[in-house]
> 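One structure coming up, written as structure tokens, with questions to follow.
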2 protein chains.
Amino acid sequence: MTQTPSAKPRKTASTAAGARKAGRGPAKTDMAGIAAVDGGADVEQRIYQSVFDGVLNQRLPPGTKLPEPALCSLFGVSRAVVRKVLQRLEHDRIVELRPNRGAVVAAPTPEETRKIFEARRALEAALVELAVQRHSGKDIEELHALLHQEEEAMANAYQPAWAQTARNFHLRVAALGGNPILLAYLTELISRCSLIVALYEPAGNAACEHEEHCDIVDAISKGDAKRAVAAMNAHLVGLEERICLERPSSVKTLAQMLNLA
Amino acid sequence: MTQTPSAKPRKTASTAAGARKAGRGPAKTDMAGIAAVDGGADVEQRIYQSVFDGVLNQRLPPGTKLPEPALCSLFGVSRAVVRKVLQRLEHDRIVELRPNRGAVVAAPTPEETRKIFEARRALEAALVELAVQRHSGKDIEELHALLHQEEEAMANAYQPAWAQTARNFHLRVAALGGNPILLAYLTELISRCSLIVALYEPAGNAACEHEEHCDIVDAISKGDAKRAVAAMNAHLVGLEERICLERPSSVKTLAQMLNLA
DNA sequence: ATTCTTCAAATCGTCGACGATTTTATGAGC
DNA sequence: GCTCATAAAATCGTCGACGATTTGAAGAAT
């Protein structure tokens, strides 16, 4: 509701004459070619990212409905593409698609949360072990650079920024494992974890987490697989334990939540 | 306008079910049973399964094109639903969706194959370790039942049947781990592995694999986590090593490959 | 005869529309 | 005043259609 009905697709042309370029395919309309990359080329990614960021920044609390017509007019595309994005979001467990009842932001249950963290521990343990075997000196340098970024983000005290750097760190460590498949699975899990952490984390243990990250890098750089796995496990267990169950709520329009308009 | 309150498009009346996942919620069994379960209820699952089985049984070799219009007329649905299924198949890495160029059956490269098996070893190791902790006596009985099925399938000498039982075994062991997320990931990986094995396996080592399965169950039943993980790892390494690179090819129509018509 | 150009056929991406289902608003009945 | 039945609105699932892109083949030039 409260939907401003003024938004309309840029070019409908429909049945009337002069429909020179009515049906816009994946063509970038060969403009200057610059803005096309982010502007009109991959609209799907933009929608996905908007919803994803909205969920991560708590503008879209769990249970928020995401009606297809609303997203259509917000992004100026047809339902076909919106529906495709929603399917991808459902697959990544960001939203839940209830048949004939629309899409809502996923609300992980405590039990689900436990399983997610358990799965994440298993994957990160395996990947850290691979990382110890396969890392090079240059990799360690890059990890140290990331740790430095974390310190800056900590000073900033803006939680989403810190969460972003922390996520980057874990993904980078996982990338050292050299297995794209496990990395893809872990990326999915880290997204879901971030979603949960963004909801429940009291926000204020960044320093503690940063210390643990440093431990992990130290163990990897020394080639101590056992200690690296143990440090990662301890870090993840600590992260899970810091979660408490409180859920803020607010009432805004979908456009506001998506940081549009 | 638009009278005809009773006239319906040719094949409707039941297509509106539209449940996406395997779990079908509202069971409207009032239609006196028209084989709705397999006939016209969940068409998407039927299409998915047809392609999946076709790939697994080598009727659909890698690189086979899957044009949307062909699938549409084969299954009597519109392109929207076919497209949805193809997206799901792409996500599960069964097919590859090239923009504007159609879908083809995925052809895993040797490098990819190595990574897939590596990921699978990591996941199954973690799950077997969980299974050792959480299994009950009844679970062991069921595993023994599965092993007995394997012996029957071995005598049958029909490779797809054996592959099916072997897959069941791994999935059942993984289910004992009690983590639906890891189980889902492993299901995906086992599908991809089966696809690869179906392509390359010389077919004839069933007895050897069965022995290794027995070892795994034995270790689990005795609560020996270390040995269970080692047995699983050895089993998977052996499976990977038995793969050679030969690829049969034949020329049939899509309908024949899908075992229709 | 080979190669490049040109054209037609096949196929894909997106759109608007229609029926079916769910949700919400309204009014009768207790 | 509250509850339940009814109707209207909103939303979802599917379909056919249109334009754009790719593919494959026919024809001209060297």
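Residue numbers begin at 1 in each chain, while the letters A, B, ... track the order of the sequences. This one's a predicted model, so the numbers in the text were calculated from it and none came from an experiment.
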> Where the side chain of B:V77 is defined as all heavy atoms beyond and including C-beta, which of C:dC12, D:dT11, D:dC15 is the nearest nucleotide?
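That would be D:dC15.
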
> How many Å lie between CG on B:D42 and P on D:dT14, as a whole number?
9 Å

> Rounded to whole angstrom units, what separation is found between the CG atom of A:N100 and the C1' atom of C:dT21?
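Distance check: A:N100 CG to C:dT21 C1' gives 5 Å.
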
> For B:Q49 and B:R46, test the side chains for any donor-to-acceptor distance below 3.5 angstrom and give the result as yes or no.
no

> If only side-chain N and O atoms of A:R79 are considered, is one of them under 4.0 Å from the OP1 or OP2 phosphate oxygen of C:dG16?
no

> Please say whether the positively charged group of A:R88, taken as NZ for Lys or CZ for Arg, lies over the ring of A:Y48, i.e. under 6.0 angstrom from the six-membered ring centre and within 45 degrees of the axis.
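Output yes; distance and angle both within limits.
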
> OP1 or OP2 of D:dT23 versus the side-chain N and O atoms of B:R101: is any pair under 4.0 Å?
yes

> Does OP1 or OP2 of C:dT14 have a side-chain N or O of A:K84 closer than 4.0 Å?
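A:K84 to C:dT14 OP1/OP2: side-chain N or O found under 4.0 Å.
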
> Could you state the CG-P distance from A:L97 to C:dT22, rounded to the nearest angstrom?
15 Å

> Can you list the steps and then say if B:E124 with B:I190 is a side-chain contact (heavy atoms from CB on, under 4.5 Å)?
CA-CA 10 Å; B:E124 294 222 48; B:I190 287 184; 4.3 Å; yes

> Using side-chain heavy atoms (C-beta onward) and a distance below 4.5 Å, is B:E240 in contact with B:R114?
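Of all side-chain heavy-atom pairs linking B:R114 with B:E240, at least one is under 4.5 Å.
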
> If you check every side-chain atom of B:R83, which of D:dT11, C:dC12, D:dC15 has the closest atom?
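From the listed options, C:dC12 comes nearest.
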
> Which nucleotide in the list D:dT11, C:dC15, C:dC12 gets nearest to the side chain of B:E68?
C:dC12

> I want to confirm an ordering. Mapping A:R98 and A:A80 to their closest nucleotides on DNA chain C, which one lands closer to the 5' end?
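Between the two, 5'-proximity favours A:A80.
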
> Take atom NZ of A:K65 and atom P of C:dT22, then tell me their distance rounded to the nearest Å.
14 Å

> Specify the separation, in whole Å, of atom CG of A:L66 and atom P of D:dA10.
19 Å

> Picking from C:dC15, D:dC15, D:dT14, which would you name as closest to the side chain of A:V81?
C:dC15

